[in-house]
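A short write-up of the structure that comes next.
Everything quoted here is computed from the prediction, not taken from an experiment. In what follows, every heavy atom counts, from backbone to side chain, and hydrogens, waters and symmetry copies are set aside. Positions are given from 1, in the same order as the sequence printed here.
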Amino acid sequence: LKRILLVGEKCPNAAVYLELGKVPLIKEIKLRVLKFLLQMRVIPEKDICWKAFMHLMKSENKFKSFVESIFVDLQRDLAVFMSNYHQEMYGVDNHNLILSNANRIWTFKLVEQLEKKAKENTKMKFYVKITEGQPFGFKTYLDKIVNRNSRSYFTRFRCGSHRLNVEIGRWMNIEHLSRKCRFCNSGHVEDEEHLMECSYFEEERKQLHTEVSKIVPNFLQTDNETQLKLLFIDVLEMPNVTKKYIGKVMYKVNKKFENK
């Protein structure tokens with residue numbers, strides 16, 4: 001997935017899943033296991049499988065724990081499923097509904113976990129800020145920004161997979177407040193939010209604001225936090241406007257790193 005997004009290996013996994021609107025494979029694994037269990041319970045040809053299943057469920061093992069976790073997640077009674085009275089709750093007519101509910105429950109739980117990890121990860125502080133309030137799903141800018149390099153710069157900037165001083169400092173174990181901007185004399189930490197307002201890029205930013213104001217006429221009248229969210233909003237033509245500024249910033253950031 002990181003290769004699809006064109007980000008580095010150290011890019012947070014939570015950012016990758018959230019950008020692509022995907023959840024970890026554990027959901028698909030659980031769904032397939034559940035589907036097999038449901039079919040095994042009602043199809044005569046799978047009787048040998050059912051007997052093997054019942055044998056495994058008699059002792060403590062990883063398979064039993066996994067099956068139990070599935071039924072706990074779905075708030076369903078495993079004992080009823082394994083009994084002779086299973087037909088009413090687990091008959092063929094109920095399979096699609098059970099699987100649909102399971103998909104919804106596991107997707108919701110996994111998205112919750114991803115969002116929690118994002119908030120707890122300092123690398124994703126900027127990402128959390130610009131995506132606050134946005135629904136979970138595939139970020140359409142990935143299709144809108146056609147140029148491969150432009151898209152990579154844009155995604156890396158969003159997801160904290162870059163060579164800004166705030167990230168280089170993590171690699172070198174430098175104190176956070178000492179990861180100062182290399183482009184201006186403000187003394188601010190060189191992170192994503194600072195580079196969106198750094199005085200060194202004033203001309204590029206003026207051009208950005210001019211183009212953005214054509215899409216959102218009252219853009220300059222909004223507060224800084226709202227402006228930041230608007231610049232990275234995944235609708236209209238905003239991604240193709242903001243990408244130009246990000247591309248120029250990231251090009252110079254990479255040059256600084258290479259010439260260090």
Side-chain angles (χ1 to χ4, degrees), residues 1-29 106-174 176 179 189-198 224-236 238-251 253-254 257:
L1 292 181
K2 289 181 179 180
R3 288 184 179 181
I4 292 173
L5 273 185
L6 304 175
V7 295
E9 288 300 316
K10 293 184 179 181
C11 181
N13 290 335
V16 175
Y17 285 121
L18 291 170
E19 287 290 270
L20 292 172
K22 299 288 185 182
V23 294
L25 281 175
I26 187 62
K27 185 193 81 168
E28 191 61 33
I29 293 170
W106 286 326
T107 298
F108 179 80
K109 284 188 174 183
L110 289 168
V111 170
E112 261 194 341
Q113 291 173 16
L114 289 172
E115 290 176 344
K116 184 173 183 288
K117 286 180 180 178
K119 289 176 181 177
E120 292 172 348
N121 190 335
T122 55
K123 279 171 67 84
M124 293 185 66
K125 180 182 175 183
F126 181 74
Y127 185 88
V128 170
K129 179 172 280 192
I130 63 174
T131 59
E132 184 183 8
Q134 293 183 13
F136 173 75
F138 178 80
K139 302 300 182 289
T140 58
Y141 81 82
L142 293 167
D143 283 336
K144 291 177 180 176
I145 301 178
V146 179
N147 183 274
R148 179 184 173 91
N149 288 335
S150 295
R151 187 172 68 252
S152 178
Y153 278 153
F154 195 73
T155 304
R156 284 171 176 267
F157 193 84
R158 284 170 60 95
C159 298
S161 177
H162 45 57
R163 294 169 173 174
L164 275 63
N165 242 3
V166 68
E167 182 64 8
I168 294 173
R170 288 191 184 95
W171 307 341
M172 302 177 68
N173 201 27
I174 297 172
H176 181 77
R179 305 170 194 175
V189 172
E190 185 184 294
D191 58 15
E192 302 91 342
E193 195 164 352
H194 171 67
L195 289 188
M196 293 304 296
E197 57 186 30
C198 178
N224 290 342
E225 190 170 324
T226 301
Q227 286 184 8
L228 194 61
K229 287 181 180 179
L230 284 171
L231 289 171
F232 289 91
I233 197 169
D234 200 36
V235 295
L236 306 173
M238 202 64 77
N240 276 311
V241 173
T242 307
K243 76 170 186 186
K244 299 173 187 176
Y245 178 83
I246 299 301
K248 292 171 184 175
V249 170
M250 291 289 276
Y251 176 79
V253 165
N254 288 341
F257 181 81

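Of the inter-residue distances, the one linking Asn254 atom CG with Leu164 atom CG reads 9.0 Å to the nearest 0.5 angstrom. For the atom pair SG (Cys11) and CD (Glu167), the distance works out to 9.5 Å, reported to the nearest 0.5 Å. We find the CG-CE distance between Asn165 and Met172 to be 9.0 Å, quoted to the nearest 0.5 Å. One finds the NZ atom of Lys129 at 9.0 Å from the NZ atom of Lys229 (value rounded to the nearest 0.5 Å).
With a 6.0 Å radius and a threshold of 12 heavy atoms from other residues, nucleotides or ligands, Phe138 has its CZ atom above the threshold. The number of heavy atoms from other shown groups lying within 6.0 Å of CD1 (Ile26) is above 12. More than 12 heavy atoms of other residues, nucleotides or ligands shown are found within 6.0 angstrom of NZ on Lys248.
Under the 4.5 Å side-chain criterion, counting only non-hydrogen atoms from C-beta, Glu28 is not in contact with Trp106.
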Report task. Please report the C-alpha distance between Lys125 and Asp191 in whole Å, then the side-chain angles of each, then the deciding distance to 0.1 Å, and finally whether the side chain to side chain contact (heavy atoms under 4.5 Å, CB included) criterion is met. Result -> CA-CA 10 Å; Lys125 180 182 175 183; Asp191 58 15; 5.7 Å; no
Report task. Step by step, work out the side chain to side chain contact (heavy atoms under 4.5 Å, CB included) result for Phe232 and Ile246. Result -> CA-CA 11 Å; Phe232 289 91; Ile246 299 301; 3.9 Å; yes
Query raised in the report: After noting the C-alpha distance and the side-chain angles of Lys116 and Gln113, does the key distance pass the side chain to side chain contact (heavy atoms under 4.5 Å, CB included) rule?
Result: CA-CA 5 Å; Lys116 184 173 183 288; Gln113 291 173 16; 5.6 Å; no
Requested in this report: Dump the intermediate steps for side chain to side chain contact (heavy atoms under 4.5 Å, CB included) on Phe136 and Val23, then the final yes or no.
Outcome: CA-CA 10 Å; Phe136 173 75; Val23 294; 3.9 Å; yes
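Among all heavy-atom pairs drawn from Leu142 and Glu19, the shortest one is CD1-O, 3.8 Å. Of all the heavy atoms in Leu20 and Leu1, the pair that sits closest is CD1-CD2, 3.7 Å. The heavy-atom pair separating Cys159 from Pro12 by the smallest distance is O-CD, 3.5 Å. Shown here for Ser150 and Asn147, the closest heavy-atom pair between the two residues is N-OD1, 2.9 Å. Shown here for Ile145 and Pro239, the closest heavy-atom pair between the two residues is CD1-O, 3.9 Å. Closest of all the heavy-atom pairs between Tyr245 and Glu197 is OH-N, 4.5 Å.
Results of the side-chain contact (heavy atoms from CB on, under 4.5 Å) test with Val166 over Glu190, His194, Arg179 single out Arg179 as the only residue that passes. Residue Tyr141 is tested with Asp234, Thr155, Asn240 for a side-chain hydrogen bond (donor to acceptor under 3.5 Å, both in side chains); the sole match is Thr155.
With Lys139 contributing its side chain and Leu18 its backbone, the two residues share a donor-acceptor pair below 3.5 Å. Side chain of Lys2 to main chain of Glu9: a donor-acceptor pair is present (N/O by atom type, distance under 3.5 Å, no hydrogens or angles). Side-chain atoms of Ser161 come within 3.5 Å of backbone atoms of Gly8 as a donor-acceptor pair (strictly under, hydrogens ignored). With Lys144 contributing its side chain and Leu236 its backbone, the two residues share a donor-acceptor pair below 3.5 Å. In this structure, Arg156 contributes its side chain and Leu6 its backbone to a donor-acceptor pair below 3.5 Å.
Ring orientation note: the planes of His162 and Phe157 are tilted relative to one another, at an angle of 30° to 60°.
No side-chain donor from either of Glu192 and Tyr127 sits under 3.5 Å from a side-chain acceptor of the other.
One finds no salt bridge joining Lys117 and Glu120 here, because no Lys/Arg side-chain nitrogen approaches an Asp/Glu carboxylate oxygen to under 4.0 Å.
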